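These notes concern the structure reproduced below.
Residues: numbered from 1 along the sequence shown. Since the structure is predicted, the reported quantities are computational estimates derived from the model, not experimental observations. The basis for the numbers below is simple: all heavy atoms, side chains too, and nothing from hydrogens, waters or symmetry mates.
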Amino acid sequence: MTNPSFDKSQNVFRLRPQVVMEGFEDGALVLRLKDRHLLELNPTAGCILEFTNGKRDAAQVAVLLHESFQVTQEQALQEVLLLYEQLSTQDIVEITKPGQGTKENTTVDDKLNASSHYIINPDVGLREEDEDGGLLFNPDTNQVKVINTTGLFIWKKCDGKQNLTEIITAMQDAFEDVPADQITEDVNEFFEGMVSAGFIGIVEESEEEK
């Protein structure tokens with residue numbers, strides 16, 4: 001007998017066109033533009049929507065949730081499917097490719113390496129908020145991200161010319177009061193989230209550069 005949860009886990013979701021999300025450390029806010037309905041999400045739900053990019057199926061999102069919150073994969077899948085069901089009825093998310101999930105890697109860890117060069121998505125808009133950081137808006141997914149001062153610093157370094165090591169070195173020079181290992185961890189975490197969400201791309205090395 002076919003497991004219905006398995007079938008649903010192959011569905012690929014994305015935010016609806018008239019929905020905007022803004023993520024925070026303690027959750028997220030989702031705005032449905034057609035009626036200006038504002039929905040507050042807890043950290044788990046906010047994380048699920050951060051991973052929802054119209055390419056990963058529900059099972060792949062559940063793996064990322066499992067890695068982020070240290071819950072079992074079964075529990076993570078149940079939470080992902082339940083949230084998608086609830087948000088679908090509220091016109092927040094929609095299925096893009098039923099039963100045809102992509103075979104992409106569930107994480108971007110393998111893509112992040114010291115020699116990788118990063119470039120910002122040219123479609124993403126930035127609004128700087130004085131010295132406190134800024135707001136990023138990705139029109140492709142209608143996602144909004146709030147970045148702090150260090151995030152803004154990293155963002156401005158993503159010109160496609162500097163690799164991960166060079167960006168980390170620049171961060172260490174600019175933020176001397178922050179431990180080097182903390183900077184490395186923060187930079188890697190920043191890129192993992194931004195690449196996964198489509199805000200930043202990775203420039204592959206050509207054979208001549210290797």
Quick one, Glu22 with Leu135, criterion side-chain contact (heavy atoms from CB on, under 4.5 Å). Give me CA distance, side-chain angles, the key distance, then yes/no. CA-CA 9 Å; Glu22 183 172 349; Leu135 293 174; 3.8 Å; yes

Could you give me the CA-CA distance, side-chain angles and deciding distance for Phe137 and Val144, then say whether side-chain contact (heavy atoms from CB on, under 4.5 Å) is met? CA-CA 5 Å; Phe137 174 65; Val144 175; 3.7 Å; yes

Residues Val63, Gln73; criterion side-chain contact (heavy atoms from CB on, under 4.5 Å); working and verdict: CA-CA 6 Å; Val63 170; Gln73 292 196 33; 4.1 Å; yes

Would you give me the side-chain donor-acceptor pairs under 3.5 Å for residues 76-84, sequence neighbours excluded?
{"unit_1": "Glu79", "atom_1": "OE2", "unit_2": "Gln75", "atom_2": "NE2", "d": "3.2"}
{"unit_1": "Tyr84", "atom_1": "OH", "unit_2": "Thr52", "atom_2": "OG1", "d": "2.7"}

Check residues 29-45 and write down every donor-acceptor pair under 3.5 Å in which the side-chain atom is one partner and the other belongs to a residue at least two apart or another chain.
{"unit_1": "Arg32", "atom_1": "NE", "unit_2": "Asp35", "atom_2": "OD1", "d": "3.0"}
{"unit_1": "Arg32", "atom_1": "NE", "unit_2": "Asp35", "atom_2": "OD2", "d": "3.2"}
{"unit_1": "Arg32", "atom_1": "NH1", "unit_2": "Gln90", "atom_2": "O", "d": "2.5"}
{"unit_1": "Arg32", "atom_1": "NH2", "unit_2": "Asp35", "atom_2": "OD2", "d": "2.7"}
{"unit_1": "Lys34", "atom_1": "NZ", "unit_2": "Asp91", "atom_2": "OD2", "d": "3.0"}
{"unit_1": "Asp35", "atom_1": "OD1", "unit_2": "His37", "atom_2": "N", "d": "3.2"}
{"unit_1": "Asn42", "atom_1": "OD1", "unit_2": "Thr44", "atom_2": "N", "d": "3.1"}
{"unit_1": "Asn42", "atom_1": "OD1", "unit_2": "Ala45", "atom_2": "N", "d": "2.7"}

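Under the side-chain hydrogen bond (donor to acceptor under 3.5 Å, both in side chains) criterion, Glu50 pairs with Lys145, not counting sequence neighbours. Looking at residues two or more places apart in sequence or on another chain, you find a side-chain contact (heavy atoms from CB on, under 4.5 Å) between Asp186 and Gln182.
Remark: Arg14 CZ to Arg56 CZ distance equals 15.5 Å, nearest 0.5 Å. If you take CG on Leu164 and CD1 on Ile154, they are separated by 9.5 Å, rounding to the nearest 0.5 Å. To the nearest 0.5 Å, atoms NE2 (His117) and CD1 (Ile167) are separated by 8.5 Å. Note that the CD1 atom of Ile48 and the OG atom of Ser68 stand 10.0 Å from one another [nearest 0.5 Å].
Between Thr96 and Phe13, the closest side-chain pair of non-hydrogen atoms is not below 4.5 Å. At least one side-chain heavy atom of Met194 sits less than 4.5 Å from a side-chain heavy atom of Leu136. With a 4.5 Å cut-off on side-chain heavy atoms, Ile95 and Val12 do not count as touching. Residues Thr184 and Gln172 have side chains in contact (heavy-atom distance under 4.5 Å, counting atoms from C-beta outward). The closest side-chain heavy-atom distance from Asn53 to Ser196 is not below 4.5 Å.
The aromatic rings of Phe191 and Tyr118 sit parallel, their planes meeting at an angle under 30°, below the 60° perpendicular limit.
A pairwise comparison of heavy atoms in Leu65 and Val71 identifies O-CG2, 4.3 Å as the closest pair. When all heavy atoms are compared, the tightest approach of Val19 to Ile92 is CG2-O, 3.7 Å.
Residue pairs satisfying the salt bridge (Lys or Arg N to Asp or Glu O under 4.0 Å) criterion with at least one member in residues 172-182, sequence neighbours excluded, are absent. Listed by first and then second residue, the salt bridge (Lys or Arg N to Asp or Glu O under 4.0 Å) pairs involving residues 153-165 are Glu128-Lys156 (not counting sequence neighbours).
A continuous path of Ile, Leu, Val, Met, Phe, Trp and Tyr side chains, each step under 4.5 Å between heavy atoms, connects Trp155 with Phe175, placing both in one hydrophobic cluster.
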